[in-house]
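By convention here, the first residue in the shown sequence is residue 1. Quick caveat: nothing in here was measured; it's all calculated off a predicted structure.
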Amino acid sequence: MESKKLFLSFFLFKSRINKKGLSPIYLRITIDGKRETIATGVFIDANYWDETKGIITENTPLAINQNHLLNSLKGKITGIYTELLNTGVEITTSAITKRLNAKNTENITLLGATRQHNAYVKKRIGQETTQATYVKYETLRTKLEGYIAKEYSRKDPLLSELTPKFIVHFELYLKTHEKIGHNTAIKYIQFLKRIINYSIANEWLKTNPFNSYRCKFKVVSREYLNIEEINTIQSKEISIKRLSEIRDIFIFSCYTGLAYADVKKLVIEEIVLGVDKNLWIQTFRSKTKTRVPVPLLPQALAIIQSYQEWRKEAHTNRVFPVPSNQKVNSYLKEIADLCGIKKKLTFHIARHSFATSVTLSNGVPIKTVSKLLGHTNIKTTQHYAKVLDVKLANDMNNLRDKFT
């Protein structure tokens, strides 16, 4: 096969200037009159560019390093050209750039892969994921940066350098340096595992460092309100409008099991007639996108009806006026004080209370509760069943009566 001549030349894209006033250098690859340009990732002051020689003329350590990078890129492409010659395949500009990109993946770093993964997640907000999930991945990135800066002499290790030891030490760093609890630390480790899986899917990494690493959540008792505490909050006279509204929304969640994000986005069109000809909530969980069918108990339906005038005045189809999660939890602390509730009241406790005091403790089967909560795994629901000593006592008392 007749060899095709390779021509390489650098040029400065002067009209494309970044915020720092620097212009990018590109490399033009020419074979048989066909051209392809690739970004070098190098930006410089246009005053220090020699167009004829294709080099940076500034005499600084940074400029010397940048010239070295440009020469290195040239050398890589020349090497690829030689490889293609030896294999006897057709040599084209696209064949060279394709092989160059494949080689570049060998130099992808952990933080570089994390940034690319997070950009991928960001594009899917509102479709497959949420803003809250994206923020968690970004928080993981900052924690990785802190760990790498503390434990490594270089700024960013290569993906290929990751080992189970790195993961174990990162978990330890989260617990000791960041003072993060076990389950939260494991959640960050799970997010890191997803980034590694993303890297493997993109063929940036061949060996999975998680293959020999195991992480488990510790079972914790979930705080919830008993039915007497729910009734205390529900019947409390509250004259402050902002607090009474949050009280209503909280009690609504106690009788429906909806999470904060799902109550906030709930619209009146999602209140429909169910299979039993009674009113149901038919919605999808923001977190998992799973369908959540919830038959409305009288307490929840009464609260919806009490906001009919508000919806009319506000010209909205939203069921409730729900402020930010931060404000809701702040107001719930005030409500707890007013009602003499000693437990730390957060909106998520309403969901726990629905699972325990309203459903499981009243004999609703755990599979039904799991469906009502929109859980994708019944193991998640089983955490609630472990705290129902009252239900156990009642069941055993009923059994005892049969033997007496």
Verdict with reasoning, Thr133 to Ile125, per side-chain contact (heavy atoms from CB on, under 4.5 Å): CA-CA 9 Å; Thr133 299; Ile125 292 173; over 6 Å; no

Measure the spacing between [atom1] of [X] and [atom2] of [Y] and express it to the nearest 0.5 Å.
X: Glu334; Y: Ile240; atom1: CD; atom2: CD1; answer: 6.5 Å
X: Gln66; Y: Glu58; atom1: CD; atom2: CD; answer: 8.0 Å
X: Ile230; Y: Ile349; atom1: CD1; atom2: CD1; answer: 11.0 Å
X: Phe191; Y: Thr139; atom1: CZ; atom2: OG1; answer: 9.0 Å

When you measure from the side chain of [X] to the backbone of [Y], do you find a donor-acceptor pair of N or O atoms at a distance under 3.5 Å?
X: Asp50; Y: Ile56; answer: no
X: Lys14; Y: Ser23; answer: no
X: Asn118; Y: Tyr137; answer: yes
X: Arg311; Y: Val319; answer: yes

If you count every heavy atom of other residues, nucleotides or ligands that lies below 6.0 Å from [X] atom [atom1], does the total exceed 12?
X: Gln326; atom1: CD; value: no
X: Arg35; atom1: CZ; value: no
X: Glu51; atom1: CD; value: yes

Side chains of Thr283 and Lys265, donor plus acceptor under 3.5 Å: yes

Is there a side-chain contact between [X] and [Y] (heavy atoms, below 4.5 Å)?
X: Pro209; Y: Phe166; answer: no
X: Leu8; Y: Leu27; answer: yes
X: Leu110; Y: Leu159; answer: yes
X: Thr37; Y: Phe11; answer: yes
X: Leu162; Y: Thr207; answer: no
X: Phe250; Y: Tyr331; answer: no
X: Tyr307; Y: Glu245; answer: yes
X: His169; Y: Glu151; answer: no

Non-hydrogen atoms of Val292 and Arg285 that approach each other most closely: CG2-CG, 3.2 Å

Heavy-atom closest pair, residues Leu373 and Ala355: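 Distance-wise, the nearest heavy atoms are CD1-CB, 3.9 Å.
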
Sub-6.0 Å ring centroid separation between Tyr213 and Phe210: yes

Criterion side-chain contact (heavy atoms from CB on, under 4.5 Å) on Ile180 and Lys143, from CA distance to verdict: CA-CA 11 Å; Ile180 290 173; Lys143 294 190 184 306; 3.8 Å; yes

Derivation and outcome, side-chain contact (heavy atoms from CB on, under 4.5 Å), residues Leu297 and Val358: CA-CA 10 Å; Leu297 294 171; Val358 174; 3.9 Å; yes

Verdict with reasoning, Gln131 to Val135, per side-chain contact (heavy atoms from CB on, under 4.5 Å): CA-CA 6 Å; Gln131 176 70 24; Val135 169; 3.8 Å; yes

Within 45° cone and under 6.0 Å: Arg28 NZ/CZ vs Tyr26 ring: no

Verdict with supporting geometry, Gln234 and Arg247, side-chain hydrogen bond (donor to acceptor under 3.5 Å, both in side chains): CA-CA 7 Å; Gln234 186 175 4; Arg247 183 268 305 279; over 6 Å; no

Worked verdict on Tyr260 versus Asn329 for side-chain hydrogen bond (donor to acceptor under 3.5 Å, both in side chains): CA-CA 10 Å; Tyr260 164 82; Asn329 287 325; over 6 Å; no

Salt bridge flag under 4.0 Å for residues Glu223 and Lys344: no

